[in-house]
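Here is the structure we will look at, set down as structure tokens.
No experiment lies behind these values; they were computed from the predicted model shown. No hydrogens, no waters, no symmetry mates; every other heavy atom, side chains included, goes into these values.
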Amino acid sequence: MGRKVALVSCASRKTGNASVAESLYTSDLFRKAGRLADQRFDSWYILSAKHGLLEPNQEIEPYDETLNRLATDVRKSWATRVERQLGAVLLPEDEIFFFAGLRYREFLEPLLQERGFMTHVPMAGLSIGRQLQWLSTQLADKQRLADIDRFYDLLKRLTLNGVNGRIMGDSSGKLEWPKRGLYFFFDPEERRFFDLNTCRVVRVGTHGVSQGSKSTLWGRLRTHRGSSDQRGNHRGSIFRLHVGAALQAARLVTEVPTWGIGQSADSETKASEAEVEKNVSEYLVRMAVIFLEVGDEPSAKSDRAYLERNVIGMLCGPRGPVDLPSESWLGRFSRSPEIRYSGLWNVDFVRFQYDPHFLDVLDRYVDVTLGRCPPPSGPLAPSDWHSKRQERATTQLTLSFDDAAIKE
């Protein structure tokens, strides 16, 4: 496995004296990106409009140049120069992470890809404010980072028996499913930020938390997936509704004006929506699902409701997601600000302030699911959890799709 190498573009704000490169640039965005690169990457370099590639500890004089004011042919020459400089320091299996705006990536990234390097732009699509917020979270929120790592380790434990972690297209009611539980959807194209071998969770859900509900776990999953011939009903699945709306917003399917309108529809309306439903099914059957057996009775105060809310709050919450969605994630086109904010196909609880102790409850139910211990005789969630006020972010920040740059 290769190294993770960060490329951080320089900034227009500089000190007035000669300095090592990592100290010369004074903008908050550069400083935070540089700190993250230093702490979490195997190696990092600075992209400079004047010098090309810089070592962080390389001493240089202040200068006043930026790619943003240079002609296209000059930027192409700059990218070729940097690609040659990188050729002297990169190893064949290295993965490249850009913390740089469009002008610093537009020609350099394709050159690196042509040489076989895998490249990533973690903060693509984020406004400057969201970039700063996400970098601050990565640098300061060590407890949540550890909790998220523990969460994914628990999910991996659920797959050790070879039964869990099913592809939706291969799933059916003939397989063994617990009657009640939680489910976690994974998109094969979406990866965790610092663990690219692990797919990130893109939706968290449960079912039957209303008193007296008769719904089952597989029943809910089947409604999301649609039938085996790729028919489906988005009016029975909020997941399907949001995926279909995003497909239309991204212009990947023909827009239908009736989508999401009403609780039911006549046969003519359903026929006009059939092509979108088919495309939604094609999108969902690629996903994998991991289930967690939580068999308590339907209730808004159930352990299932407790776990669902806290998982979503941990993965996103007031500070936003730690594992950002990729540039191509369909949810970036969602009409829901909650989905764009969270990187999840969820709209509820995305700003919930989670309780870290929920992971102990999750841990117990992992053992229940694996058959290592019996189901609890009563609820494991704190008795007052449902009465606690949900915390919300003070600033409603959403993804902006203008490729907001780390500007020099």
Without swapping roles, check the side chain of [X] against the backbone of [Y] for a donor-acceptor pair under 3.5 Å.
X: W78; Y: S48; answer: yes
X: R332; Y: P325; answer: yes
X: N68; Y: R103; answer: no
X: T206; Y: A305; answer: no
X: E327; Y: A124; answer: no
X: S210; Y: S213; answer: no
X: R40; Y: L139; answer: no
X: R31; Y: S23; answer: yes
X: H234; Y: G260; answer: yes
X: S334; Y: L330; answer: no

Applying salt bridge (charged side-chain N to carboxylate O under 4.0 Å, His left out), can you list everything that pairs with [X], at least two apart in sequence or on another chain?
X: R166; value: none
X: K76; value: none
X: D73; value: none

Ring-face cation contact, W329 with R200, 6.0 Å cut, 45° max: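 Judged by the rule, R200 and W329 form a cation-pi pair.
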R192 to F194, cation-pi by 6.0 Å centre distance and 45° axis angle: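 Judged by the rule (NZ or CZ under 6.0 Å from the ring centre, within 45° of its axis), R192 is not positioned above F194.
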Could you state the interatomic distance from [atom1] ([X]) to [atom2] ([Y]), rounded to the nearest 0.5 Å?
X: F239; Y: L284; atom1: CZ; atom2: CG; result: 5.0 Å
X: N279; Y: L247; atom1: CG; atom2: CG; result: 6.0 Å
X: R222; Y: S227; atom1: CZ; atom2: OG; result: 10.5 Å
X: E176; Y: N164; atom1: CD; atom2: CG; result: 10.5 Å

Whether over 12 other heavy atoms sit under 6.0 Å from Q39 CD: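 Atom CD in Q39 is crowded, with more than 12 foreign heavy atoms closer than 6.0 Å.
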Residue R81 excluded, over 12 heavy atoms near CZ under 6.0 Å: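 Enclosed.
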Closest heavy-atom pair and its distance - L67, A49: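 Residues L67 and A49, closest heavy atoms: N-CB, 3.7 Å.
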Parallel, tilted or perpendicular, as decided by the 30° and 60° cut-offs, for the rings of F99 and F41: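 Plane angle over 60°, so perpendicular.
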Aromatic plane relationship, W218 with W177 - under 30° parallel, 30 to 60° tilted, over 60° perpendicular: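 Ring orientation, 0 to 90° scale: parallel.
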Evaluation steps, salt bridge (charged side-chain N to carboxylate O under 4.0 Å, His left out), between E308 and R304: CA-CA 6 Å; E308 178 192 39; R304 279 178 291 124; over 6 Å; no
W345 and F185 aromatic centres sub-6.0 Å: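 Aromatic pair excluded; centres sit 6.0 Å or further apart.
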Aromatic ring proximity F184/F151, centre distance under 6.0 Å: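 They qualify: ring centres under 6.0 Å apart.
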Salt bridge [X]-[Y], side-chain N to carboxylate O under 4.0 Å:
X: D170; Y: R225; answer: no
X: R191; Y: E95; answer: no
X: R309; Y: D348; answer: no
X: R3; Y: D94; answer: yes
X: E277; Y: R240; answer: yes

Among H224, R220, H207, the one residue meeting side chain to side chain donor-acceptor pair (under 3.5 Å) with Y183: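 Among the candidates, only H224 passes.
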Of R69, K14, R13, the residue whose pairing with D64 passes salt bridge (Lys or Arg N to Asp or Glu O under 4.0 Å):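 Among R69, K14, R13, the one that satisfies the salt bridge (Lys or Arg N to Asp or Glu O under 4.0 Å) with D64 is R69.
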Residue of the set V366, D367, I290 for which side chain to side chain contact (heavy atoms under 4.5 Å, CB included) holds with L154: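 The option that passes is V366.
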Test item: side-chain donor near acceptor, E297 and S299, under 3.5 Å: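 The answer is no; no qualifying pair exists.
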Distance-only side-chain donor-acceptor flag, Y365 / D303, under 3.5 Å: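 Distance-only check passes for Y365 and D303.
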